[in-house]
Amino acid sequence: MTNPASSTAPAPTLEDAIAVLDALPAPHGLPAWTPAAEVSLDRASGEALQSRGLEYRTIDARDDAAYERFVQAISRGFLEDRAEHLVGWRSTLLQLDGRLVGVFDPAAPHAETPVATIGTWGTGLVLDPGCIVPMWAISVVTVSSTHRRRGIARAMLEGELRAAAGAGYAVAGLTVSEATIYGRYGFGPSVGARQFTIENRRAGWVGPRPVEEGRGRIDPIEREEAMRALANLHAETVAERPGEVTGWPGLWRDAAGLHPEEEEKGFRAVQYTDDEGRVRGVVVYSIKEADGKAALRIQSLLAASTDAYAALWRFALTHDLIGTVTANLRSLDEPVRWMLEDQRALTSTEHDHHWVRILDVAAALGARRYRAAGSVVLEVEDPLAITGGRFLLTVDGEGTGSVQQLSADAAPDAAVVQVGISELSSLLHGEARWGTLAAGGRVTADATATAWLDVAFAPAAPLQLSIGY
């Protein structure tokens, strides 16, 4: 087996590494979708904004001046300079056939700079192992503080949802900076995340020790190599990891710590290689002094096997001179907890992360698999009238679901459950439980129906979205 650390070949440059990302294979089973750049703006939103003296239009990302003004508006909206943060985002957006949308005030002193922004593109959302649906990804939602409470955000978001639904997208998604805004548009928190802090010296290790037992090896690599390895591993495994999105090239530069804004953090990377010489895991991390002791912060950790997962976590938790290890965007059911002798050495903070909005009930529910046979009638209330109505969900003995929209007077032989579109979106992946939402007054159903739904919707694997967008 070749020792990756002994190679005399020069380390790849960032340009070399980025050049190969487009050649990576697409995840297996990736559905087709209409590129966002080809989807027309919503007419109703345009008319609503026009009635307020505002203009609603797309921005050509290839136009340097227009793109710079768009980034200025984003920076203003987020109260921080995002110019460096968005380096490379334009090329990624063009690769994805995404679109930029701005709202303009012709009466403003700088009428060429948008007073509100939103960016969208198509990607895939993994609902269940092997089950991917087209998702309308939404980002950089801002409204200038000078133009708040004029219905601009509502017009933009509702317009994006109607446009995406009309283009055949099953769901829309976003990772949010504020958690109280998006429920009114039908989004619900669907996949949560944990931030871990682990005290190394206290934790102890009782998990597997693949490297010490002669299975595979750990080696340092350049960040450019880590970027390519992360992209390869993600493409190879994402379809089997519910909660994830199928990704895009620009993600891996940031995941590997190559973003210009973070250069001073001194990121490092190691990879796990199995006995056949295959890279099966990568961790990117930085080390800094905190409270008089060194802290290792994990930027990215992606493993394609249980041995790779254990080896990479053991590397981090037994690193010389490290007091604590921190990691964010981990799943709510992370195996590393059970690899520690003292679980109290691990503290975690749970937070909402991925918010999802179902745009087509039949397409979304029909795309995933289920754990128990049965049927139920879902009466779905959608205040935006995008996909509400009555639906019969039937699951066969193989776990395959079929969804039939019913007329108002149909009377099928199945329990009836009343649920809002925001709640149904939260329940889509199975992290939220039907019985819990019923107890909280968010779902109306009897105990028998919710007990079956809890089993049927249970995730096949721990849910995780390992990125933000």
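Since we're looking at a predicted model, the values are computed, not measured. Numbering starts at 1 and runs along the sequence shown.
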Start with the C-alpha distance between Leu365 and Leu378, add both sets of side-chain angles, then the distance that settles side chain to side chain contact (heavy atoms under 4.5 Å, CB included), and finish with yes or no.
CA-CA 11 Å; Leu365 296 185; Leu378 301 175; 3.6 Å; yes

Show, in sequence, the C-alpha distance, side-chain angles and deciding distance for Thr237 and Glu240, and conclude whether the side chain to side chain donor-acceptor pair (under 3.5 Å) test is met.
CA-CA 6 Å; Thr237 65; Glu240 301 305 313; over 6 Å; no

Derivation and outcome, side chain to side chain donor-acceptor pair (under 3.5 Å), residues Ser407 and Asp409
CA-CA 6 Å; Ser407 63; Asp409 57 354; 2.7 Å; yes

Should Arg162 and Ser45 be marked as a side chain to side chain donor-acceptor pair (under 3.5 Å) after you check the CA-CA gap, both sets of side-chain angles, and the distance that decides it?
CA-CA 9 Å; Arg162 286 191 291 264; Ser45 288; 3.1 Å; yes

Could you go through Asp128 and Arg369, starting from their C-alpha distance and side-chain angles, then the distance that decides it, and tell me whether this counts as salt bridge (charged side-chain N to carboxylate O under 4.0 Å, His left out)?
CA-CA 6 Å; Asp128 213 51; Arg369 295 186 63 78; 5.3 Å; no

Using the side chain to side chain donor-acceptor pair (under 3.5 Å) rule, take Ser286 and Gln299 through it: C-alpha gap first, then chi angles, then the decisive distance, then the call.
CA-CA 7 Å; Ser286 61; Gln299 170 84 346; over 6 Å; no

Stepwise, does the side chain to side chain contact (heavy atoms under 4.5 Å, CB included) test hold for Leu312 with Tyr285?
CA-CA 11 Å; Leu312 294 174; Tyr285 63 97; over 6 Å; no

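Ion pairing of Arg314 with Asp307 is absent here, as no side-chain N (NZ or NE/NH1/NH2) approaches a carboxylate O to less than 4.0 Å. Ion pairing of Glu160 with Arg99 is present here, as a side-chain N (NZ or NE/NH1/NH2) and a carboxylate O approach within less than 4.0 Å.
The number of heavy atoms from other shown groups lying within 6.0 Å of CD (Glu341) does not exceed 12. Heavy atoms from other residues, nucleotides or ligands lying under 6.0 Å from NE2 of His110 number 12 at most. Summarising the local packing, CD of Gln343 is surrounded by more than 12 heavy atoms from other residues, nucleotides or ligands at distances under 6.0 Å. In Gln418, the CD atom is crowded: over 12 heavy atoms of neighbouring residues, nucleotides or ligands sit closer than 6.0 Å.
In this structure, His354 has its ring center closer than 6.0 angstrom to the ring center of Tyr469.
Panel note: side chain His429, backbone Leu463; no donor-acceptor pair is recorded below 3.5 Å. Tyr309 contributes a side-chain N or O that, together with a main-chain N or O of Val336, makes up a donor-acceptor pair within less than 3.5 Å. Checked by atom type and distance alone, the side chain of Arg52 pairs as donor or acceptor with a backbone atom of Ala48 at under 3.5 Å. In this structure a side-chain-to-backbone donor-acceptor pair under 3.5 Å is present from Arg371 to Ala458.
Between Pro106 and Gly53, the closest heavy-atom pair is CD-O, 3.2 Å.
None of Trp248, Trp33, Tyr169 except one satisfies the ring-ring contact (aromatic ring centres under 6.0 Å, His included) rule with Trp121; the exception is Trp248.
Contact of the Val361 side chain with the Ile421 side chain is registered, since non-hydrogen atoms from C-beta on lie closer than 4.5 Å.
For the atom pair OG (Ser402) and CG (Asp396), the distance works out to 7.5 Å, reported to the nearest 0.5 Å. Here the CG-CD1 distance, from Leu251 to Ile467, works out to 4.5 Å after rounding to the nearest 0.5 Å.
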